[in-house]
2 protein chains.
Amino acid sequence: METTRAAELRAAGLRVTRPRLSVLKVLAERPHADADAIVTGARALHPSLSSQAVYGILRALVSAGLARRIEPAGAPALFELRVGDNHHHLVCRSCGAVADVDCAVGAAPCLEPSDAAGFVVDEAEVVFWGLCLECQGRDHPVAAAEESVQIPQHATRGGVHA
Amino acid sequence: METTRAAELRAAGLRVTRPRLSVLKVLAERPHADADAIVTGARALHPSLSSQAVYGILRALVSAGLARRIEPAGAPALFELRVGDNHHHLVCRSCGAVADVDCAVGAAPCLEPSDAAGFVVDEAEVVFWGLCLECQGRDHPVAAAEESVQIPQHATRGGVHA
DNA sequence: GTGTTCTTTTGAACCAGTCAAATCAAGGAC
DNA sequence: GTCCTTGATTTGACTGGTTCAAAAGAACAC
């Protein structure tokens with residue numbers, strides 16, 4: 001298993017080091033971890049690891065195409081290994097939990113902007129905001145989105161819009 | 001005109017103050033301004049204005065529903081007065097320019113996640129990444145998305161995906 | 001006008017992330 | 001296997017965007 005990760009690094013033109021293997025292992029175990037969680041997790045495997053090293057490693061992985069960085073508004077950046085497929089994210093307004101979603105329509109027509117204003121678009125990024133199963137129960141079940149929200153984002157009333 | 005803005009503030013249950021009117025005026029003149037630009041602009045109208053006051057005002061406006069905060073990955077937050085309609089944003093990877101887009105489809109089916117994983121979704125936020133007209137010319141016209149990019153985001157090769 | 005309450009000011013602090021120099025290790029050449 | 005070059009990590013300081021807290025000030029209901 002570690003051989004696989006080492007091969008991935010090598011294939012991407014990156015040297016195989018213990019810090020990098022540790023970070024990859026943490027990312028495989030918990031997708032959508034933030035830098036801090038990755039530092040903590042990777043230190044279990046390589047105690048001397050500094051947080052700056054993790055930032056460097058994450059940057060190397062992202063620019064090599066081995067990892068993807070997502071930045072939900074109001075939260076620190078998250079990292080995931082699932083890269084190269086067309087998936088988006090569900091984010092819980094209350095606890096920040098993140099789940100992957102595939103878009104229902106492949107190359108969806110609604111994701112070609114109606115008027116691109118001269119822009120050449122190369123990516124459409126979608127974030128679905130809501131409440132995860134757990135927070136629906138914890139907060140009051142109706143109008144739960146009004147509850148104590150850590151992520152500073154104006155909650156649109158009245159259903160999903162596009 | 002200022003009467004209108006004052007009325008909007010009052011209607012939202014906020015006191016009418018010169019700092020707030022100044023910030024609203026700046027937001028009306030330049031949509032998608034960041035906090036720093038708003039401070040600079042508002043100081044032209046109210047020189048003693050502190051940046052902390054602007055942060056406070058912006059927060060009040062957003063939570064009152066008079067303004068909307070958007071946070072493109074890797075850039076400071078932007079603010080706009082256009083609220084309550086279903087619009088999204090085009091962001092230039094090179095210069096950070098932002099343009100509004102209405103989605104082609106109203107309550108688009110593709111924006112209902114294929115599998116919501118138990119989440120109750122109340123908003124779908126779409127960001128289209130690309131190059132604005134100006135940066136297409138400045139950078140090399142083909143594969144321009146590979147150019148010196150300030151916003152740390154992995155550029156997906158091969159067209160818009162969903 | 002007066003007083004209460006909300007705003008702004010002032011000044012400090014916080015956090016995620018970055019930078020730069022020095023040390024260290026991976027892995028190709030021998 | 002050892003040496004050397006280049007790239008990776010460590011160490012420590014620092015930045016930019018944003019938030020917090022206490023004190024001073026201004027709106028506006030009465």
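Here is the naming used below: chain letters follow the sequence lines, and residue numbers restart at 1 for every chain. Note that the structure is predicted; figures quoted are calculated from it, not measured.
- If you check every strand for non-hydrogen atoms under 4.0 Å, A:Thr17 touches sugar and phosphate atoms only.
- Using a 3.5 Å distance cut-off with no hydrogens or angles, the side chains of A:Glu80 and A:His89 do pair a donor with an acceptor.
- No contact: B:Arg18 has no heavy atom under 4.0 Å from any strand.
- Side-chain nitrogen and oxygen atoms of A:Tyr55 include at least one within less than 4.0 Å of the OP1 or OP2 phosphate oxygen of C:dG17.
- Along DNA chain D, the nucleotide closest to B:Val16 and the one closest to A:Gly13 are compared, and the more 5′ of them pairs with A:Gly13.
- Distance from the side chain of B:Ile57 is smallest for C:dT8 among the nucleotides C:dG17, D:dT6, C:dT8.
- Across C:dC19, C:dT9, D:dT18, the shortest atom-to-atom separation from the side chain of B:Leu49 is found for C:dT9.
- Looking at heavy-atom distances under 4.0 Å, A:Arg59 makes contact with sugar-phosphate atoms alone, never a base.
- Between the CD atom of B:Gln52 and the P atom of D:dG16 there is a distance of 15 Å, rounded to whole Å.
- The distance from atom CG of B:Leu58 to atom P of C:dT7 is 14 Å, rounded to the nearest whole Å.
- For the atom pair A:Leu24 CG and A:Leu81 CG, the distance stands at 6.0 Å (nearest 0.5 Å).
- At whole-Å resolution of the value, CD1 in A:Ile70 and P in C:dG17 are 12 Å apart.
- Backbone-only engagement by A:Ser48 is indicated by non-hydrogen atom pairs under 4.0 Å involving sugar-phosphate atoms exclusively.
- For the pair A:Leu14 CG and C:dA26 C1', the interatomic distance rounds to 12 Å; values are reported in whole Å.
- Taking atom CG of residue A:Leu21 and atom C1' of nucleotide C:dA25, one finds them 14 Å apart after rounding to whole Å.
- Interatomic distance, CG of B:Leu66 versus CZ of B:Arg20, reported as 9.5 Å (0.5 Å rounding).
- One atom, CG of B:Leu78, and another, C1' of D:dT18, lie 14 Å apart when rounded to the nearest Å.
- Contact annotation: A:Arg20 side-chain N/O to C:dA26 OP1/OP2 distance is not under 4.0 Å.
- Going from atom CG of A:Leu24 over to atom P of D:dA8 covers 14 Å, rounded to whole Å.
- In terms of polar N and O atoms assigned as donor or acceptor, the side chain of B:Arg15 comes within less than 3.5 Å of the base of C:dT5 in a complementary pairing.
- A:Asp100 and A:His88 share no donor-acceptor pair across their side chains, judged by distance under 3.5 Å alone.
- Within 6.0 Å of CZ in B:Arg82 there are more than 12 heavy atoms belonging to other residues, nucleotides or ligands.
- In this structure, A:Arg69 reaches the C:dG17 phosphate: one of its side-chain N or O atoms is under 4.0 Å from OP1 or OP2.
- When heavy atoms are screened at a 4.0 angstrom cut-off, B:Ala77 is found touching the sugar-phosphate backbone but no base atom.
- Taking atom CG of residue A:Asp36 and atom P of nucleotide C:dA16, one finds them 6 Å apart after rounding to whole Å.
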